[in-house]
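For reference, the structure is listed below as structure tokens.
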Amino acid sequence: MCGTSIDVSTPLSFRCPRASATDPHHVLHLVGAVDAPAADDPNPYVRYGPRLAWWAFARANGMTDAACEALTYEVADGFHVTPFERSSTLSDELGAEVWVKDETGNVAGSHKARHLVGILLHLRAAETLGLLGERPPLAIASCGNAALAAATLAGRVGWPIDVYVPTWMDDAFGDRLDELGARIHRCERHDDDPPGDPAMLRFREASWSGAVPFTVQGPENGMCLDGGRTIGWEIADQASEVGVELDRIVVQVGGGAFAACVGAGLGPDVRLDTVQAEGCAPLADTWARITEIDHPERYWAQVMRPWPEPRSLADGILDDETYDWIADVSVMAESGGSPIVAPEADIVAAHELATRAGYAVSPTGSAGLAGLLAIRDELRPGDRVAVVMSGVARRA
Ligand SMILES: Cc1ncc(COP(=O)(O)O)c(C=O)c1O
Ligand SMILES: [Zn+2]
């Protein structure tokens, strides 16, 4: 990681300008976005719009606030501030005050679209401003919630999208992507491929040959970390509206963008602990490796090592690398949190408990609760802790 900054007014600034296909270990530092008060609007992309990088980009290039708002209603239609409530079932079970942010009814059934909509707004703004030319295709490697969110958003504005998936993706999921108008590429391993997921390799090839990385992985597209902060802003505002000072939030981690954004939005006063399943916990390993290292970001390949055989019922967080580990480490360090490794039994129990508490959530979406189960002995009556039910149970 080199620390290069880039001004938010620059079009299509998705990655650090020094990143390359052979040197991908960079983090985008966009500078020039502004803080702004929340507007009174149920759509978070209007409510917090002027804080976002795409909005600052559009304003710097001559779009008015009114035009930014109109574009938001076009691209980010259907986003609402999602519910935040105390769960009595979970509070009784855990012996603490448990608050739930419920993302199961969000666009495409998870929090993932939050990360992507800012990228699409940037593209639509660039197009409107005459800074784009022909539409480059969007590209993503995913066969889960991120792909669904990406295809849903792209379909709304008729933007071509290529989704790179593993050969084992189930056909029903492929049909849903197909209905949304995505082009699906089942990626086999080639003899001369380097190690790693072939879908990810093909996605990287496409994104270094002109496709837009439309992904929820910060190193591939740092702009995903911008719009994702809306979830943290919402939780902060909703907690303060009901007069609750949260002590702690426990957030499930796959690639790590989600936890980074919750932390960035919520701020360092709320302790943020991350959770991974015991069958895939690269972030906890990295955390242990870096305790004695100054500037661990300089040693990326040494300290963030791919997990050999990821395994868990929470199959949406089986990323073998925590791509956004630098941001995750920093939100934990600044808030006094640390990584939790949830035993698989807690992943299973959390899913049952969350379902019993009334959430139609997937095992991945309830994995934050598994983290709470894993630390339940530390919890005291009166502790105010939050989890995010981040994705809906998949239709069979
Ligand atoms: C429902 C759900 N929750 C949480 C996550 C984790 O998010 P991230 O990969 O940004 O850590 C995912 C990722 O796929 C997900 O689908
Ligand atoms: Zn860099």
Side-chain angles (χ1 to χ4, degrees), residues 1-6 13-20 23-30 82 101-116 140-150 173 200 215-222 224-225 227-229 231-232 250-264 272 274-277 280-283 297-298 300 310 312-328 331 339 342 347 350-351 354 359-371 387-394:
M1 199 184 82
C2 68
T4 306
S5 298
I6 185 154
S13 44
F14 301 131
R15 291 185 173 106
C16 169
R18 300 212 181 163
S20 67
D23 176 20
H25 289 160
H26 289 255
V27 171
L28 176 70
H29 290 283
L30 272 183
T82 55
K101 179 73 168 162
D102 183 1
E103 291 288 288
T104 58
N106 208 340
V107 172
S110 78
H111 72 283
K112 288 279 178 185
R114 288 182 182 268
H115 295 283
L116 293 167
I140 183 169
S142 162
C143 63
N145 288 317
L148 211 52
F173 192 75
M200 195 65 195
T215 158
V216 187
Q217 293 160 348
E220 307 294 344
N221 190 331
C224 76
L225 300 178
R229 293 177 302 162
I231 191 166
V250 179
V251 185
Q252 51 276 40
V253 164
F258 178 41
C261 288
V262 172
L272 187 146
T274 59
V275 192
Q276 293 184 314
C280 183
L283 184 58
E297 69 280 2
R298 292 181 188 159
W300 190 316
S312 174
L313 176 67
D315 59 4
I317 47 171
L318 293 182
D319 304 72
D320 65 344
E321 281 179 63
T322 312
Y323 307 105
D324 285 294
W325 69 274
I326 297 171
D328 291 343
V331 294
I347 298 277
H351 185 234
Y359 297 98
V361 68
S362 65
T364 302
S366 60
L369 182 60
V387 292
V388 185
M389 299 298 173
S390 53
V392 74
R394 216 168 286 148

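Each ligand, and each atom within it, is numbered from 1 in the order the structure gives.
Remark: among candidates G256, S366, G365, A314, the nearest residue to atom 8 (P) of ligand 1 is G256, based on non-hydrogen atoms. Taking only non-hydrogen atoms, the option from S390, G391, G316 nearest to atom 2 (C) of ligand 1 is S390.
Relative orientation of the W325 and W300 rings is perpendicular, given thresholds of 30° and 60° on the angle between their planes.
Not a single N or O atom of T364, backbone or side chain, sits closer than 3.5 Å to an N or O atom of ligand 1. Inclusion of A259 in the set of residues having an N or O under 3.5 Å from an N or O of ligand 1 is not warranted. Residue F258 places at least one N or O, backbone or side chain, under 3.5 Å from an N or O of ligand 1.
If you number the atoms of ligand 1 from 1 as listed, the ones under 4.0 Å from a heavy atom of Q252 come out as 4 (C). Less than 4.0 angstrom separates some heavy atom of I317 from each of these atoms of ligand 1: 5 (C), 6 (C). Within the listing of ligand 1, atoms 11 (O) sit less than 4.0 angstrom from a heavy atom of V253.
At least one N, O or S atom of C16 sits under 2.8 Å from the Zn ion (ligand 2).
Put simply, CG on D319 and CD on E321 are 9.0 Å apart, with the number rounded to the nearest 0.5 Å.
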Next item on the list: Tell me, with the steps shown, if C224 and Q217 meet side chain to side chain contact (heavy atoms under 4.5 Å, CB included).
Entry: CA-CA 7 Å; C224 76; Q217 293 160 348; 5.8 Å; no
